[in-house]
Amino acid sequence: MSNMPIRRFCLVAVLLVTASTLVNAGGQSSPPRHPQADAQALDLARRAIALRSVRGPGNQTIKVAELFRDALVAGGFAVPDISITPVDDTAFMVARWRGSDPSLKPLVISGHLDVVEAKAADWQRDPFTPVVENGYLYGRGASDMKFDGALAIAALIEMKRAGFAPRRDVVIEFSGDEETDMKTSAMIAEQLKGADLVVNIDGGGGTLDETTGKPRYFTWQGAEKTYADFELSVTNPGGHSSQPRADSAISQLARGLLKIGAYRFTPELNDISRAYFVKAAQYEKPEIAAAMKAFAANPADRNAIETLAADPAHVGQIGTTCVATMIAGGHAQNALPQRATANINCRIFPGHKPADILAELSRVIGDPAVHVQDVTEGSVANDASPIRADFVSAVEAAMALAYPGVPVFPSMASGASDSMWFRYHGVPSYGASPVFIKSSDDFSHGLNERIPVANIAPGITYYVSLLGALAK
Ligand SMILES: [Zn+2]
């Protein structure tokens with residue numbers, strides 16, 4: 001322990017030069033105002049990426065938890081206030097910075113330690129050997145979400161170093177299986193369901209202009225769609241294929257699938273998606289922009305619905321969608337099918353119960369021979385979070401410091417995150433990562449994942465401001 005900080009400092013000094021040079025060369029942000037935190041963020045991100053926190057044999061998720069815990073302890077967190085809980089082959093971490101007023105509900109910062117599997121043979125570089133090159137940090141977890149975790153930890157330590165004293169408890173927690181079955185995510189949310197507000201550092205974010213590389217806008221995520229899988233099944237006594245029956249499991253299933261394929265759920269809006277359409281319209285092509293504004297004003301506008309429904313980038317924003325994703329049936333080439341099944345994957349608009357969507361699908365199919373069953377795993381229904389004024393003003397102030405003049409507005413995600421588990425308990429949760437990337441650079445879950453290191457200095461500035469305001 002005694003020799004380590006000195007060795008680490010040397011490494012950090014070298015990294016700091018690299019990071020600040022790149023920040024200045026990019027011209028996107030002012031010089032770092034928190035040099036120690038900036039250097040620590042990059043150092044922690046690299047160390048975390050080097051740990052293969054992938055589900056299955058050799059899962060090093062607990063090592064990432066230990067890395068983060070050690071950094072927090074070295075930064076002044078009390079050892080008894082940090083717990084690492086092993087669960088199956090993974091682990092989760094919860095660390096608490098005690099506030100001066102124990103009667104206040106805690107502020108929770110939520111992230112995850114695990115990453116999606118990466119096959120080294122398919123990558124240009126080894127996914128678990130972090131490399132900084134041409135202004136990017138490369139490696140599995142660079143964008144989802146070890147870099148974000150490192151930024152938040154370095155920012156909290158910077159706040160401690162600066163003598164900040166929170167009024168409410170600040171809890172930073174990392175789940176260990178967000179990318180797979182979310183068992184630890186559910187456990188953490190159960191433990192922290194008395195929280196005042198959750199800042200999910202694995203959601204939201206900024207967009208960089210594809211040509212200039214300059215920040216265009218930032219969105220915080222206040223809602224996400226509910227994931228659901230429904231199995232359609234038809235069973236039949238079957239028989240010899242030389243003696244066809246009037247009813248066939250495959251034909252009945254096919255008729256049901258065609259009806260679902262042609263069906264559209266009633267388009268709808270909530271406060272989050274309305275604000276998104278109004279603000280985001282200015283960044284779209286004229287036809288899409290007009291449809292977004294018209295839909296925000298009237299979600300029954302036929303032309304607007306047609307335009308948005310035809311655009312894969314927006315069809316998920318205007319209502320529930322359900323689509324057949326898998327099909328199986330029959331057991332022999334010369335036999336009548338005894339069974340045919342299909343999976344219907346739904347992304348349910350916030351506020352609806354999966355049971356209601358199941359009932360609607362059954363009505364659409366209109367055939368009692370087609371049995372519909374909810375087979376969803378690892379997901380719970382959740383509503384949109386309210387647009388809370390204290391959060392909105394804190395996030396706008398933090399962005400104004402980090403990226404002056406960049407527009408800030410809410411968004412709704414079509415994928416699931418750990419926010420779902422908190423929203424299920426009625427705790428407002430907001431995706432609010434300060435990381436800006438070009439859409440063409442978004443390789444989360446994919447090959448050659450990378451993140452611009454120019455995000456570090458403004459990211460620290462943002463977190464210090466945001467978390468300071470929310471913890472006061
Ligand atoms: Zn993630």
Side-chain angles (χ1 to χ4, degrees), residues 41 44-45 48-56 59-62 64-65 67-68 87 90-94 108-118 127-128 130 137-153 172-189 198-207 218-227 347 378-380 382 385 411-424 429-437 439 441-452 455 459 463:
L44 268 180
I49 287 170
L51 295 165
R52 199 178 177 287
S53 53
V54 177
R55 180 193 196 145
N59 188 348
Q60 291 187 299
T61 300
I62 196 163
V64 186
L67 171 75
F68 287 174
V87 179
T90 188
F92 67 89
M93 188 193 91
V94 178
V108 171
I109 303 152
S110 171
H112 63 88
L113 304 164
D114 58 317
V115 294
V116 172
E117 174 66 292
F128 300 102
L137 168 63
Y138 287 85
R140 171 56 91 223
S143 65
D144 188 12
M145 57 142 289
K146 288 173 170 173
F147 178 80
D148 263 296
L151 268 184
I153 288 172
I172 184 161
E173 52 82 356
F174 292 89
S175 60
D177 55 356
E178 194 269 353
E179 300 291 7
T180 53
D181 48 17
M182 293 186 152
K183 197 165 150 185
T184 64
S185 313
M187 291 167 81
I188 292 170
V198 176
V199 174
N200 185 339
I201 58 174
D202 189 34
T207 303
F218 170 85
T219 70
W220 52 269
Q221 189 249 81
E224 64 191 35
K225 296 179 85 179
T226 298
Y227 179 105
R347 306 301 174 120
S379 176
V380 282
N382 67 118
S385 291
S411 65
M412 180 172 76
S414 45
S417 77
D418 279 348
S419 287
M420 161 175 82
W421 303 97
F422 285 102
R423 293 193 184 117
Y424 174 70
S429 183
Y430 305 101
S433 156
V435 170
F436 280 71
I437 57 166
S439 301
D441 272 344
D442 186 3
F443 298 119
S444 303
H445 297 199
L447 286 177
N448 308 318
E449 190 176 339
R450 63 184 188 174
I451 202 85
N455 278 294
Y463 275 132

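What you see is a predicted model, and the numbers here were worked out from it, not measured in a lab. Order of appearance sets the numbers: ligands from 1, and atoms from 1 within every ligand. Residue numbers count from 1 along this sequence. No hydrogens, no waters, no symmetry mates; every other heavy atom, side chains included, goes into these values.
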Exercise. Using a cut-off of 2.8 Å, how many protein N, O or S atoms lie below it in distance from the Zn ion (ligand 1)?
Worked result: 4
Exercise. Do the rings of Phe174 and Phe68 sit parallel, tilted or perpendicular, given the 30° and 60° boundaries?
Worked result: tilted
Seminar exercise, completed: Across all chains, not counting sequence neighbours, the side-chain contact (heavy atoms from CB on, under 4.5 Å) partners of Met412 are Ala223, Lys225, Asn270, Ile272, Gln317, Phe349, Pro350
Problem set entry | Note, Val108 side chain near Ile188 side chain (heavy atom, < 4.5 Å) | no
For this session: Check for a donor-acceptor pair, side chain of Ser143 on one end and backbone N or O of Ile451 on the other, with a separation under 3.5 Å.
Result: no
Exercise. So do the side chains of Asp177 and Arg55 get within less than 4.5 Å of each other, counting heavy atoms only?
Worked result: no
Exercise. With a 4.5 Å limit on heavy-atom distance, are the side chains of Asp144 and Val115 in contact?
Worked result: no
